[in-house]
Colleague: 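Sending over a structure as structure tokens; questions will come in a sec.
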Number of protein chains: 2
Amino acid sequence: MSRPMARSDVNRSAILAHLGAHGPASRAELARALAVSPALMTQLTKDLIADGLISEREQQASQGGRPARMLGLVAEAGRAVGVKVAADHVAFVEVGIDGGVVRTASEPFEAASTTMLTELVGLLRRFIDGGADTPLLGIGVGVPGEVDAQASGVVNSTQLGWRNAPIGDTLRRELRMPVLVENNVNALAMAERLYGLGQRHRSFLVVTIGTGVGAAIVIDGLVVRGTSGGAGEIGHIPVRETGPVCSCGGIGCLETFVGEAGLVRTARERGVIGASAGIAALRSAAASGDAAAVAVFEEAGHLLGRTLAGLVHALDPEIIIVLGEGTADWEHWSFGFEPAFRAALMASRRGLPVAVESWQDDSWAQGAATLVLATPFDAEGLAGEQGDLVRQRLVTQAGVAGDGASGSASPGGAR
Amino acid sequence: MSRPMARSDVNRSAILAHLGAHGPASRAELARALAVSPALMTQLTKDLIADGLISEREQQASQGGRPARMLGLVAEAGRAVGVKVAADHVAFVEVGIDGGVVRTASEPFEAASTTMLTELVGLLRRFIDGGADTPLLGIGVGVPGEVDAQASGVVNSTQLGWRNAPIGDTLRRELRMPVLVENNVNALAMAERLYGLGQRHRSFLVVTIGTGVGAAIVIDGLVVRGTSGGAGEIGHIPVRETGPVCSCGGIGCLETFVGEAGLVRTARERGVIGASAGIAALRSAAASGDAAAVAVFEEAGHLLGRTLAGLVHALDPEIIIVLGEGTADWEHWSFGFEPAFRAALMASRRGLPVAVESWQDDSWAQGAATLVLATPFDAEGLAGEQGDLVRQRLVTQAGVAGDGASGSASPGGAR
DNA sequence: TACGGTTTGTTTAGTCCTGAACTAAGGGGA
DNA sequence: TCCCCTTAGTTCAGGACTAAACAAACCGTA
């Protein structure tokens with residue numbers, strides 16, 4: 001009993017998110033990290049402990065003063081689901097409130113089908129029902145393409161063949177659950193910011209290589225979405241005056257040279273692989289030391305390096321993080337990438353770190369899940385009303401999802 | 001008497017800045033614009049009127065309800081000085097609190113001289129002393145190069161030959177006055193945001209063409225400074241695999257083709273102008289219809305167009321604003337720019353507006369001055385302690401500048 | 001000309017949060 | 001061992017701000 005009638009929910013959930021992202025922390029630490037006074041932190045944590053959302057842990061050894069009494073999340077406080085949508089399949093991930101993966105699944109899925117919306121709802125429903133009994137905070141969906149806004153979720157994607165697909169609204173209505181939709185690379189960038197290298201950097205670039213080439217731009221801790229949610233489309237930066245026509249209609253786009261299709265085309269033209277062979281053949285050829293195959297990757301690395309150098313001059317980030325299925329071959333890319341990238345940078349930036357991270361199959365979906373867990377950090381309201389709903393669920397352990405169009409955000413009594 | 005011991009200075013000065021930027025407004029309008037409650041606005045404006053900083057104007061015709069009682073700045077509330085530093089001269093501008101130019105001056109100045117710091121102090125002191133009697137809020141300095149932080153003001157500039165020049169600290173100490181230093185293009189972008197096209201756009205690019213090529217990036221209303229204050233260096237984006245060596249050490253940099261020196265070099269190589277002729281000769285040749293001269297500009301426009309298209313793909317801005325001395329020849333540039341730029345964009349962005357603004361000689365200095373006037377909008381503390389000092393002067397009509405190293409921000413009694 | 005609709009501005013009660021002073025609990029040096 | 005230093009956490013008075021109700025001033029319209 002004695003719910004103190006919800007203090008500042010924003011701060012309450014920010015505390016929970018911080019503990020989830022960085023592990024247990026002392027009150028003083030939290031106050032510093034969230035830029036509030038220690039006094040307030042005392043009050044808020046008192047409430048959270050009373051509500052059973054966090055608990056006091058053992059003391060930590062003193063660092064010259066009074067030892068800190070650590071606070072940690074009560075693990076059962078919540079879970080989130082992430083969905084990766086691709087042209088031919090969807091991948092699901094269930095994560096705990098600490099970001100750790102609990103459960104995964106993958107299902108065939110025809111994105112271009114006319115019934116894909118009901119299909120998606122059914123698959124998601126089945127995955128959710130198989131989950132734990134802890135409260136589900138929300139669903140994050142990562143898609144390759146432009147998303148108008150996380151809280152709305154209208155998607156345009158040439159890769160999926162979607163034009164103004166109302167993913168967000170449909171899922172919200174059918175599942176009665178907060179749903180956040182975002183470009184998949186942007187979602188990945190938020191994951192890096194919360195759990196990865198981004199924790200220690202205010203501004204960075206996340207670059208993905210694979211079927212296509214994408215990027216997400218994080219400036220001062222905020223993901224740049226652009227006017228129409230289409231920022232980061234570095235695959236269509238023009239890098240040559242001539243070349244094959246790109247899917248975007250342009251000529252000389254980066255992606256036509258360094259995307260998977262571009263690599264395969266180049267390799268075929270040069271007879272490195274057979275006329276009907278694919279990326280797998282090119283990979284194995286390079287792996288077995290075929291110089292011509294390695295050269296294909298090397299040249300792609302060269303082009304990527306010069307392009308990224310241009311972006312570095314424009315944005316002056318602290319680090320570049322390279323991700324994606326394509327990083328498996330980075331060994332070969334780097335022969336071209338490193339010299340081209342470094343040479344094109346001005347002297348003062350030549351030492352810019354480039355981190356190439358290993359890639360797992362669930363990474364995309366995991367990134368999508370962090371859309372939900374990142375909500376409390378969402379200072380400028382990227383997630384909008386949906387973010388508020390997630391926060392409500394987080395702090396009250398109950399709360400009912402808005403029902404479709406502008407659902408009245410009823411507080412929802414204690415369960 | 002009866003100074004109410006300074007309420008929220010941030011909000012007080014935000015009101016003043018809004019009135020300065022957008023002209024007189026009603027209380028209700030201000031409350032909406034600054035996202036505070038009407039109740040608070042009543043209180044704050046009462047204080048500001050009592051302090052003589054703003055005054056009530058005539059009523060405005062009703063718009064269906066009670067007519068608004070407009071509030072306007074008391075013009076004498078303050079002034080700011082802007083300085084443009086170039087290699088061979090400095091330009092000064094004095095602006096009123098509404099951003100209007102009051103007075104200008106230009107003096108020869110040897111930036112590479114060893115005594116340049118004392119020189120600059122002397123010139124500035126003379127300019128300031130000639131000004132009006134209204135309180136001087138601060139000094140904004142625009143430089144071509146990297147600035148570590150506005151509030152610090154350590155400058156690195158190849159154009160000026162400065163390495164770690166402590167401009168900010170020196171001026172602060174000598175003039176006992178808040179001083180804000182910023183890259184000149186970034187300063188220009190802030191001016192656009194406050195008084196220009198940026199008022200109606202959240203994200204935009206400001207591109208300057210002239211001696212060099214520069215850009216400033218504004219995302220969601222915030223100027224992107226980058227890790228070391230060096231964002232926007234689009235002049236060094238690599239655009240060709242071959243070409244002359246750039247001042248940055250790179251090869252194929254945009255600036256080596258479309259900067260003034262690059263244009264002149266190309267024109268000389270082709271015999272369009274004499275081997276010792278300069279940009280003026282190229283200009284007049286193009287103006288008189290010389291096809292080869294026009295082609296030089298056209299090709300520059302082509303390269304700039306493709307490069308900016310790449311940036312648009314990466315950042316997805318709402319508009320591009322082109323400025324700088326070079327816009328005088330834009331008529332010729334556009335022959336190459338428009339087709340190259342539009343063709344390289346994906347279909348959904350092909351209609352992106354590009355605004356080419358006329359250019360006056362004081363524009364750089366005027367941009368620098370708005371560094372000071374923009375302080376109240378400085379939500380994320382770009383201007384730091386110096387911004388606080390400006391705010392103090394604005395709201396108290398007095399206040400003494402910090403004296404060099406971490407001056408204690410003493411409130412300073414009424415004058 | 002009475003009445004609802006609309007927008008502006010003010011008052012009041014109460015919430016959120018901070019600053020300052022304080023207690024608590026350790027470490028290390030003379 | 002005593003004293004000073006440092007860090008952690010709490011209490012309390014008070015300031016900034018808001019929500020909600022209300023008053024003011026105009027518009028239409030029936």
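Each chain gets a letter, A, B and so on, in the order the sequences are listed, and its residues count up from 1. None of the values given here were measured: they were computed from a predicted structure. Just so it is clear, the values below take in all heavy atoms, side chains as well, and ignore hydrogens, waters and symmetry mates.
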Colleague: Could you check whether B:Glu29 and B:His18, counting side-chain N and O atoms only, form a donor-acceptor pair closer than 3.5 Å?
Modeller: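 Absent: no donor and acceptor within the cut-off.
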Colleague: Tell me, do B:Phe204 and B:Leu197 make a side-chain contact under 4.5 Å, heavy atoms counted?
Modeller: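 Answer no - side chains too far apart.
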Colleague: Roughly, in whole Å, what's the span from CD in B:Gln60 to C1' in D:dC26?
Modeller: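 Interatomic distance, CD of B:Gln60 to C1' of D:dC26: 14 Å.
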Colleague: For DNA chain C, whose closest nucleotide is more 5', that of A:Pro38 or that of B:Met41?
Modeller: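 That would be B:Met41.
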Colleague: Considering every strand and a 4.0 Å limit on heavy-atom distances, what is the contact class for B:Ala39: base, sugar-phosphate, or nothing?
Modeller: base
Colleague: Can you tell me how far P of C:dG9 sits from CD1 of B:Ile15, to the nearest Å?
Modeller: 13 Å
Colleague: Closest to the A:Leu40 side chain: C:dG26, C:dT10, C:dC17?
Modeller: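 Shortest atom-to-atom distance from the side chain points to C:dC17.
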Colleague: Here's a test of your reading of the structure: between B:Gly65 and A:Gly65, which maps to the more 5' nucleotide of DNA chain D?
Modeller: A:Gly65
Colleague: What I'd like to find out is whether the side chain of B:Glu192 reaches to under 4.5 Å of the side chain of B:Val218, using heavy atoms alone.
Modeller: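 Sidechains of B:Val218 and B:Glu192: no contact.
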Colleague: Quick check for you: among D:dC26, C:dG26, D:dT10, whose closest atom lies nearest to any side-chain atom of B:Pro67?
Modeller: D:dC26
Colleague: For residues A:Asp220 and B:Leu222, determine if any side-chain heavy atom of one lies less than 4.5 Å from a side-chain heavy atom of the other.
Modeller: no
Colleague: Are B:Arg32 and C:dT8 close enough that a side-chain N or O sits under 4.0 Å from OP1 or OP2?
Modeller: yes
Colleague: Quick check on DNA chain D: between A:Ala68 and A:Lys46, whose nearest nucleotide comes earlier from the 5' end?
Modeller: A:Ala68
Colleague: What is the distance, to the nearest angstrom, from the CD atom on A:Gln43 to the C1' atom on D:dG9?
Modeller: 13 Å
Colleague: Looking across every strand, which nucleic acid part, if any, lies under 4.0 Å from B:Thr42 by heavy atom: base, sugar-phosphate, or nothing?
Modeller: base
Colleague: Nearest whole Å is fine: how far is D:dA8 C1' from A:Glu29 CD?
Modeller: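 Those two atoms, CD and C1', are 11 Å apart.
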Colleague: Could you state the CG-C1' distance from B:Leu71 to C:dT8, rounded to the nearest angstrom?
Modeller: 12 Å
Colleague: Report the nucleotide, chosen from D:dT18, C:dG9, D:dG9, that has the shortest atom-to-atom distance to any side-chain atom of B:Ser37.
Modeller: D:dT18
Colleague: Rounded to the nearest angstrom, tell me the gap between atom CZ in A:Arg66 and atom P in D:dT10.
Modeller: 7 Å
Colleague: Can you tell me how far P of C:dC17 sits from CG of A:Asp47, to the nearest Å?
Modeller: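 The distance from CG of A:Asp47 to P of C:dC17 comes to 11 Å, rounded to the nearest Å.
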Colleague: Using whole Å, what does the distance between atom C1' of nucleotide C:dT18 and atom CG of A:Leu44 come to?
Modeller: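 The distance from CG of A:Leu44 to C1' of C:dT18 comes to 13 Å, rounded to the nearest Å.
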Colleague: Is there side-chain contact between B:Val36 and B:Met41, with heavy atoms separated by less than 4.5 Å?
Modeller: yes
